[in-house]
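To start, the structure itself, in structure tokens.
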Amino acid sequence: MDSPTRKTLQTTFRHALEYLEELDRAPAAATASLAVLRRQLLKPLQDQGVPPAQVIDELVAGVEGGLHASSGGRFFGWVIGGCVPAALAADWLASTWDQNAALYACAPAAAVCEEVVGVWLKDLIGLPAGASFALVGGCQMAHATCLAAARHSVLADRNWDVEEKGLSGAPAVRILTGGHRHGSIERAARLLGLGRGSVEELKIDQQGRLLESALQEALLKDRSRPAIVILQAGDINIGAYDDFETLIPIAKEAGAWVHVDGAFGLWAAVSPSLKHLLKGADSADSWATDGHKWLNVPFDCGFAFVADSEAHRASMSHRASYLTHDDDARDQIDWNPDWSRRARGFPTYAALRQLGRSGVADLVDRCCRHARALVRGMGALPGAEVVWEPQINQGLVRFLNPAPESTEADHDQHTDAVIEAIARTREAFFTGTTWRGRRAMRVSVCGWQTSEADVERSVAAARQAIEKVRSGQ
Ligand SMILES: *Cc1c(COP(=O)(O)O)cnc(C)c1O
């Protein structure tokens, strides 16, 4: 190998190990400001190139202070997983091998790897063995993929060929879902030309579950229009699960397509103590989930599954004379919205091999246990209040302003101030949300690295932050 390549990769390997070995001592989240990062990274695009090893050294220097330690043990912001070692390593190889995983002919081993991964995933999360699947960039694109199949199917039922004719003149599709849905649903509806206006928000109950009566009523109201019902398996605030066993038959009875958003929540199916939450979910028509959240595969990695594989293929597949299609093998282009793409199967394959069935179950259970310990521990601090005790790995805590006659608005402000003060300790990182009209701190545990010691350090950081905010520091 020519020496610049070797030198560059060795330099990179050293930087990677240093980063990972420092992760536990590093600040939990980025510390550099936008201005600082711009100063560090914004270099003129010079005329002459730079030797590759130097590029890497300077890139590492350029991102200093601008990386979240989100693959570490004390990053609880949004819903962000870490990456298990085998998946990280396989991800390096995916770049090294640089396969174009568009077709079997273009990347044979990558195509077969995805085939294997699809079979494993369906088995692991309890989806029908006959379902088709696609490895996409994330749950957002998994929604877009599944809903393209849904759009095909509900319009084909009304003798409308949407792939040929598009949507103008087509029967207007309705999307029925609860107020707990993720914003990626609206974006998928927009991308598919269904429009935000097609989304009808239905009532949810105190546990965050779509009301049976609300669904029934909505389906009855406008029977002539094709409908897609979107159910939630784990919402981002409280990890709420819709009652699949009750709702799916109602939707099916009305001829609707049922899609499940299980970005992280679908993984509860792997845990013997949690899988009851997904009872009946396997009778839906499509499911979207992520690899980069709870499975701890590096970004970007999401999975789409469709029970009616013909609807899925009809919505995506493409034939062209210059492509080499294979009758026997699985061509990803028949199932994916992308054309050229990264060989996403390799890191997922590696994560599943490293963890095994019981390893994934243990990862899920451990995250839930840590989420509960965090919420209870922080909820017991002076002035803190448990808003939602985790049923899975998501909970909510609120921090009350101790001043007499404080209003809810004061508590809202106080909560945000404590969230910020925790980040300033650099020990742990959380993000906020507005839930039922009030501010709260989200506790979201998705990473394999989080330990009991991390939970203790994070609760201690919250205690320190509360004291600082109270004393006006
Ligand atoms: C994260 C998330 C999404 C979007 O997934 P991406 O992987 O970010 O595209 C959708 N729904 C839920 C419930 C999520 O948590």
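Side chains are part of it too, since the values below use all heavy atoms of this structure and drop only hydrogens, waters and symmetry mates. Just so you know, residue 1 is the first one in the sequence shown, and it goes up from there. When a ligand or atom number is given, it counts from 1 through the structure's own listing order.
Between Glu408 and Arg398, at least one side-chain nitrogen of the basic residue sits less than 4.0 Å from a carboxylate oxygen of the acidic one, meeting the salt-bridge criterion. A salt bridge links Glu114 with Arg341: the distance from a Lys NZ or Arg NE/NH1/NH2 to an Asp or Glu carboxylate oxygen falls below 4.0 Å.
Residue contacts with ligand 1, taken as heavy atom pairs separated by less than 4.0 Å, do not involve Trp78 at all.
The closest non-hydrogen atom to atom 2 (C) of ligand 1, taken over Arg187, Lys293, Gln140, comes from Lys293.
At least one heavy atom of Ser184 sits less than 4.0 Å from an atom of ligand 1. Arg181 does not count as a contact of ligand 1, since none of its heavy atoms falls under 4.0 Å from the ligand.
Looking only at heavy atoms of the protein, atom 11 (N) of ligand 1 is closest to Asp261 OD2, 2.8 Å. Looking from atom 6 (P) of ligand 1 to the surrounding protein, the closest heavy atom is Cys139 N, 3.4 Å.
Shown in contact with Gly138 at under 4.0 Å from a heavy atom are these atoms of ligand 1, numbered in order with element: 7 (O), 9 (O). In summary, the atoms of ligand 1 found under 4.0 Å from a heavy atom of Phe264, numbered by their order in the structure, are 15 (O). Atoms of ligand 1 lying under 4.0 Å from any heavy atom of Gln232, numbered from 1 in the order shown and given with element: 13 (C). Close approach of ligand 1 to Ala263 is summarised as follows: ligand atoms under 4.0 Å from at least one heavy atom of the residue are 2 (C), 3 (C), 10 (C), 11 (N), 12 (C), 13 (C), 14 (C), 15 (O).
Using cut-offs of 30° and 60° on the angle between ring planes, the pair Phe305 and Phe303 is tilted. Ring orientation note: the planes of Phe299 and His292 are tilted relative to one another, at an angle of 30° to 60°.
For His259 and Trp287, the gap between ring centers reaches or exceeds 6.0 Å. Aromatic ring centroids of His68 and Phe429 lie under 6.0 Å apart.
Of all non-hydrogen atoms in Ser132 and Trp335, the two that sit nearest each other are CB-CZ3, 3.6 Å.
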